[in-house]
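Letters A, B, ... are given to chains in the order of the sequence lines, protein chains preceding strands, and every chain is numbered from 1.
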Protein chains: 2
Amino acid sequence: MTTDAFLADCRARLAFDLLANTWNAVVLRALRDGPARPVELRERIGGISSKVLTETLRRLRFNGLVDRRTPPDRPSRVEYRLTPLGRTLLGPLDAVGAWAFEHGDEVMAAQEAACPRE
Amino acid sequence: MTTDAFLADCRARLAFDLLANTWNAVVLRALRDGPARPVELRERIGGISSKVLTETLRRLRFNGLVDRRTPPDRPSRVEYRLTPLGRTLLGPLDAVGAWAFEHGDEVMAAQEAACPRE
DNA sequence: CGGGATCCAGGGCGATACTG
DNA sequence: CAGTATCGCCCTGGATCCCG
């Protein structure tokens, strides 16, 4: 493996920076089942404000992971969808999600052990 | 798959939050080859200050991913190493890194297309 | 409904300097 | 060498208001 993983200027950092925003991964996964309008995304996700969702989608678009479309006949309607590139990121994201599903309680246990409940 | 991936309060968020810090993933991968002292880590990583490295290691310890040891005979010497739990995260991290290695140029191309060089 | 404009709070990151 | 203490910047996240 020639990934040279941990160097600060390594290309792997590019992806880690992508995941360095709270909502990026969440929104990406919320788009996995197909295009969605912002209001749908907010329903699916829960707990994300309109403004933050917009910002997140903007970032994802900027990185070529998400595409924004408005039907020609319904200019007021807006849809976001994963680009082919964005779809390729779902695999690694699933790997991370699966890890959390499997080891999440261990992390939480470590946290509680670190700060004992008074 | 019952991951319920994108919900805001899903367990997957736990891992995404772990990766939501700039240096967490980098430091974890820097520890993959075995225990290391802070000065070694800084050499391996490059571009990280002593303070930020300390903070990052503190976070990783708090989440049970990293262990800190000082040899009984050399109290001044400090070593950090991955815990078994932390080691299990290397796999998903590699998946992300491999993705960057494969698609990094596409992301960069999208970025440049978004903000045309003057 | 989409999303821009503000204002604000919190925290990560960085540089520097200082203590064992 | 390890770690802490400051100080400051800037960005994200969050709430609110407003416009097309």
Original post:
B:Leu19 CG to C:dG12 P: how many Å, rounded?
Top reply: 15 Å
**OP:** May I ask you to verify if any side-chain N or O of A:Ser49 is less than 4.0 angstrom from the OP1 or OP2 atom of D:dG14?
**Re:** no
Original post:
Between atom CZ in B:Arg69 and atom C1' in D:dC1, what is the gap in whole Å?
Top reply: 20 Å
**OP:** Take B:Val26 and B:Ile48 through the side chain to side chain contact (heavy atoms under 4.5 Å, CB included) test and state the conclusion after the steps.
**Re:** CA-CA 10 Å; B:Val26 178; B:Ile48 185 174; over 6 Å; no
Subject >> Validation row: B:Leu82, B:Leu65 side chains within 4.5 angstrom (heavy atoms) >> reply: no
Subject >> Interatomic distance where CD belongs to B:Glu40 and P belongs to D:dC1 [whole Å] >> reply: 10 Å
Original post:
With a cut-off of under 6.0 Å to the ring centre and 45° to the axis, is B:Arg59 in cation-pi contact with B:Trp23?
Top reply: no
Subject >> Residues forming a salt bridge (Lys or Arg N to Asp or Glu O under 4.0 Å) with A:Glu55, sequence neighbours excluded >> reply: A:Lys51
Original post:
Between C:dC1 atom C1' and A:Tyr80 atom OH, what is the distance in whole Å?
Top reply: 12 Å
Subject >> Pair listing, salt bridge (charged side-chain N to carboxylate O under 4.0 Å, His left out) test, anchored in residues 69-78 of chain A, at least two apart >> reply: A:Asp67-A:Arg69
Original post:
For A:Trp23 and D:dC11, is the shortest distance between a side-chain N/O and OP1 or OP2 below 4.0 Å?
Top reply: no
Original post:
Base, sugar-phosphate, or nothing for B:Ser50, non-hydrogen atoms under 4.0 angstrom?
Top reply: base
Subject >> Side-chain heavy-atom pair A:Thr22, B:Phe16 within 4.5 angstrom cut-off >> reply: no
**OP:** Nearest whole angstrom, please: distance from the P of C:dG12 to the CG of A:Asp17.
**Re:** 16 Å
Original post:
Can a donor-acceptor pair under 3.5 Å be found between the side-chain atoms of B:Lys51 and the base atoms of C:dG14?
Top reply: yes
**OP:** Please check the phosphate of C:dC13 (OP1 and OP2 only) for any side-chain N or O of B:Thr22 closer than 4.0 Å.
**Re:** yes
Subject >> Separation of C:dG10 P from B:Asn21 CG (nearest whole Å) >> reply: 18 Å
Original post:
Roughly how many Å is it from CZ in B:Arg42 to P in D:dC1, rounded to a whole number?
Top reply: 9 Å
Original post:
Which part of the nucleic acid, if any, lies within contact of B:Arg37, taking any heavy atom under 4.0 Å across all strands shown: a base, the sugar-phosphate backbone alone, or nothing?
Top reply: sugar-phosphate
Subject >> Proximal nucleotide (of D:dA2, C:dG14, D:dG13) relative to the B:Pro38 side chain >> reply: D:dA2
**OP:** Might you point out which heavy atoms bring B:Arg42 and B:Ser50 nearest each other, and give the distance in Å?
**Re:** NH1-CB, 3.4 Å
Original post:
In whole Å, what is the span from the CD1 atom of B:Ile48 to the P atom of C:dA15?
Top reply: 11 Å
**OP:** Strictly below 4.0 Å, heavy-atom distances to any atom of DNA chain D: list the hits from residues 53-60 of chain A, or just say none.
**Re:** A:Arg59
